[in-house]
Protein chains: 2
Amino acid sequence: MARPQRRTVRDIRRGNRAVLLRALYFSGPTSRNDLTACTGLSAATVSTMTADLLSENIVVEAGQVESDGGRPRVLLRVNPEYGFAVGVDVAETHVRVGLFDLEMTERAKVDYMLRPARHDPELVARHILSGVEVVLSDAGVSPEQVLGIGVGVPGIVEPGADGVIHAKTFGWDGVPLGALLRRGTSLPLYVDNGAKTMGQAELWFGSGRGASEAVIVLLGVGVGATIVADGTTFRGVSSSAGEWGHTKIVAGGRPCRCGGRGCLEAYIGIEAILDRAGVTSRGNWEEDLAAVLASKSPVVEETITYLGVGLANLVNLINPEKIVIGGWVGIQLGESLLPEIRRATAANSLAEPYAATSIVLGRLGPDAVALGAATLVLEEFLNAPQVARITAAG
Amino acid sequence: MARPQRRTVRDIRRGNRAVLLRALYFSGPTSRNDLTACTGLSAATVSTMTADLLSENIVVEAGQVESDGGRPRVLLRVNPEYGFAVGVDVAETHVRVGLFDLEMTERAKVDYMLRPARHDPELVARHILSGVEVVLSDAGVSPEQVLGIGVGVPGIVEPGADGVIHAKTFGWDGVPLGALLRRGTSLPLYVDNGAKTMGQAELWFGSGRGASEAVIVLLGVGVGATIVADGTTFRGVSSSAGEWGHTKIVAGGRPCRCGGRGCLEAYIGIEAILDRAGVTSRGNWEEDLAAVLASKSPVVEETITYLGVGLANLVNLINPEKIVIGGWVGIQLGESLLPEIRRATAANSLAEPYAATSIVLGRLGPDAVALGAATLVLEEFLNAPQVARITAAG
DNA sequence: CATCTTAGTTCAGGGACAAAAACAAGGCCT
DNA sequence: AGGCCTTGTTTTTGTCCCTGAACTAAGATG
């Protein structure tokens, strides 16, 4: 309650600049005139502010559009080459580094395989740092043009400058990945849980687009969720909100790798699904899952039921506008069984919140984690686009 | 994404005024000098702003405090009699109307009993309206001094001006209580779910005080929760967030009065507890529960386990700083069994979020619902304290 | 070529906060 | 008792920002 929260005229400027930039970013090419309408700012303010943005090269002109009988509108857009963002996906089997421009077009990408058992933090950090160098030189982008590096990792990320990670399944307990990376780069770093970065990507560029209250669930080896409240990711007090996979849906039920019992993940995590189906995997889980789905085994129906219970709990507790199902297991299930998933969710939800929720599939592929990580950089850019220049010198 | 969100200099004024007023309200008697420190505003701004507030009689002086060797500080405080708020608790067995001053001291109160089966909306509305008249005349307060009326009701309240209510257990389905009340009063109305108003009360004046991320759970006949994110109640897209009682903890488990199976309420709602204990109630649930607790029956341990699972789900999903257990059942359980509740929660939570959460008992008594309803009015007052006067005339 | 229409820019005016200076009110020392 | 010091509060001055209105730009129309 004691955080200073005063506002001064400068905050207005910064805030309005962010509003303008967001409008420009999400509406694509737009005229100044339309910007006054959609931001609510006066024409004068839009004019001076766009002039600033143009002179800083953050915004560029993008052709004209004739108006019926008057001066044509000049279209403006965010300059996709004003800066670049690096997105990193640290997963159980690989480290993937991507370079994105401001429009989140992937310009370069590099993968490093990890041997499943070997997750030496130093090695991962070296992969990331060399990956950044590789994608930059591949794309011909210099480090000064990079606005920051976003990293999506498994497990819980402590808030704070060091990016300390706790990932039991990964063998990391208190690994300061942020600090390790800091030794090799001076670029701004953003470290977040991979389920959250994927959620961020679906929210901004995928099926969650435009939703203000939403949940993006990730079904894969692990099960997680991103809770979006008022348009931004809800993180809780210590950044671990969204551990949906370890909420209990059967008190005292199946044991889970987290040590608990009856966790959702212990029913609909890929290992749990295969285990319940009696499949001993030969390593290719995607094929295995496809086989189970094709088998019409009762395990499929059970899985949908458990998933429906888990989703219904989100519906009742969070009352989201939209639930996006992502992760490769989620996509594979959803592609054929979305109506059944909806039915199972409805059966376990209260009527009013269920009616307010639409359940959809994620649209982004396997690169969503890296894309979302890069989006952390973009978000920062849109909120605080560059520090104000020294106006007297301009 | 298209909502106009521009800011102008006037917004700064309003915002800073709200910041100042909140600081004054929550810190009690405070000098202008301390206000500059705790709001971050400059002394000049605090001075002019307090002068305004003093002339409007919103703030009054509250004595002096000597400083070591200098001019003594003049203490300021919010004038508790500047205005009043009405809080209404509509429950299954009664309608309670309370009048509170700005410090939330109850000045008058009146109860109307409801026959359990008879919940005619018109009758309830008449009770509320006549209750308002009664408390005002009892306390000698005129309607002009009342800043608004807050109403806490069971069930889900639709967002919108009519205050439409869906309360299955109450026999109300789409009752526009707000519109019914609007016919009898022109005061500002705020209608919200009773579990949420109770949560609001605990958050502002009870055990949740100062928490920014918290969950306040209500255990009574029904089971509900208030989720607090970033200091404010999270409502979800259609205001029904927090239906914790109908999240499933045993897929396919005990039938619940909501029509579902395995709901938390079907295990730890008072009726469920008594049912599981094999008690056939003679009408006094509080005594019945006390008897069960005294009996050392295994039902008690089971109840704690189920409650622990429910709380752990909140810990994992929401990652709150604090969980407050309220409602009469919650208090009765917690008074003797809080350590066991904590243990059961820990057993079902992930270590990191559990370590970040403290589980405490609610502090406010049975009037918390009405108090919280009045707090809705207070919140509005603190955020937008009066429309700005015509400055030229002053 | 004059007029109309729409788009965008410039400028005066007023509101808001910060920093600094001035003022106020008491204690302390000589 | 009077000057000096310390602390609290108010006034003055300056800078920043937004808006509304006047103004310029650029094309269409007849």
Side-chain angles (χ1 to χ4, degrees), chain A residues 4-20 24 29-55 59 61-76 387-394, chain B residues 4-20 24 29-55 59 61-76 387-394:
Chain A
Q5 45 200 319
R6 56 120 179 234
R7 302 218 158 269
T8 167
V9 279
R10 310 290 276 269
D11 296 318
I12 294 189
R13 185 68 161 180
R14 198 170 37 243
N16 280 342
R17 193 174 147 123
V19 167
L20 193 72
L24 220 34
T30 315
S31 72
R32 293 175 178 79
N33 210 349
D34 293 343
L35 286 172
T36 66
C38 78
T39 61
L41 292 163
S42 72
T45 304
V46 170
S47 182
T48 58
M49 207 120 64
T50 51
D52 279 2
L53 291 168
L54 279 164
S55 77
V59 162
E61 297 196 348
Q64 296 195 345
V65 138
E66 65 177 13
S67 63
D68 26 316
R71 175 176 172 174
R73 280 169 294 220
V74 175
L75 298 181
L76 302 173
V387 189
R389 302 280 164 94
I390 299 150
T391 46
Chain B
Q5 43 200 321
R6 59 123 179 228
R7 304 219 158 269
T8 167
V9 281
R10 309 290 275 267
D11 296 319
I12 295 188
R13 184 68 163 181
R14 198 171 35 245
N16 281 341
R17 192 174 149 124
V19 167
L20 192 73
L24 219 36
T30 314
S31 71
R32 291 175 179 81
N33 208 351
D34 293 342
L35 286 172
T36 65
C38 78
T39 60
L41 291 163
S42 73
T45 304
V46 170
S47 181
T48 58
M49 208 121 64
T50 52
D52 278 3
L53 291 167
L54 278 163
S55 79
V59 162
E61 296 196 349
Q64 297 194 345
V65 137
E66 65 178 16
S67 64
D68 25 317
R71 176 174 172 174
R73 281 170 293 218
V74 176
L75 298 180
L76 303 172
V387 188
R389 303 279 165 94
I390 298 150
T391 46

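Below, read A as the first sequence line, B as the second, and so on, with proteins coming before strands; counting in each chain starts at 1.
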TODO: Could you check whether Val46(A) gets within reach of a base, just the sugar-phosphate, or nothing at all, counting any heavy atom under 4.0 Å?
DONE: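 If one applies the 4.0 Å heavy-atom cut-off, Val46(A) turns out to touch nothing in the nucleic acid.
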
Rounded interatomic separation in angstrom, taking [atom1] from [X] and [atom2] from [N]:
X        : N       : atom1 : atom2 : value
Leu75(A) : dA7(C)  : CG    : P     : 11 Å
Met49(B) : dC17(C) : CE    : C1'   : 9 Å
Leu20(A) : dG8(C)  : CG    : P     : 13 Å
Leu76(B) : dT10(D) : CG    : P     : 9 Å
Leu41(B) : dT10(D) : CG    : C1'   : 16 Å
Asp52(A) : dT10(C) : CG    : C1'   : 15 Å
Arg32(B) : dT7(D)  : CZ    : C1'   : 14 Å
Gln64(A) : dA25(D) : CD    : C1'   : 11 Å

Task: Donor-acceptor pair present, Arg71(A) side chain and dA7(C) base, under 3.5 Å - done: yes

Of the nucleotides [options], which one has an atom closest to the side chain of [X]?
X        : options                   : result
Ser31(A) : dT10(D), dG8(D), dG8(C)   : dG8(C)
Thr45(A) : dT19(D), dG8(C), dA18(C)  : dT19(D)
Asn33(A) : dT9(C), dG20(D), dA7(C)   : dA7(C)
Val9(B)  : dA20(C), dT9(D), dA16(C)  : dA16(C)
Ile12(B) : dA7(C), dC17(C), dT9(C)   : dC17(C)
Pro72(A) : dG27(D), dT19(D), dC17(C) : dG27(D)
Ala44(A) : dG8(D), dC11(C), dC17(C)  : dC11(C)

Taking only side-chain nitrogens and oxygens of [X], does any of them come within less than 4.0 Å of OP1 or OP2 of [N]?
X        : N       : value
Arg10(A) : dC16(D) : no
Thr8(A)  : dC17(C) : no
Asn16(B) : dA16(C) : no
Arg13(A) : dC16(D) : no

Can any side-chain N or O of [X] pair as donor or acceptor with the backbone N or O of [Y] at less than 3.5 Å?
X        : Y        : value
Thr39(A) : Leu35(A) : yes
Thr50(B) : Val46(B) : yes
Thr45(A) : Leu41(A) : no
Asp11(A) : Thr8(A)  : yes

Task: Inter- and intrachain pairs under salt bridge (charged side-chain N to carboxylate O under 4.0 Å, His left out), touching residues 38-50 of chain B, at least two apart - done: none

Open item on the list: Within a 6.0 Å radius of atom CD on Gln64(A), are there more than 12 heavy atoms belonging to other residues, nucleotides or ligands?
Closed with: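 Atom CD in Gln64(A) is packed in, count exceeds 12.
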
- [ ] By nearest nucleotide on DNA chain D, pick out whichever of Glu66(A) and Thr48(A) is the more 5' one.
- [x] Thr48(A)

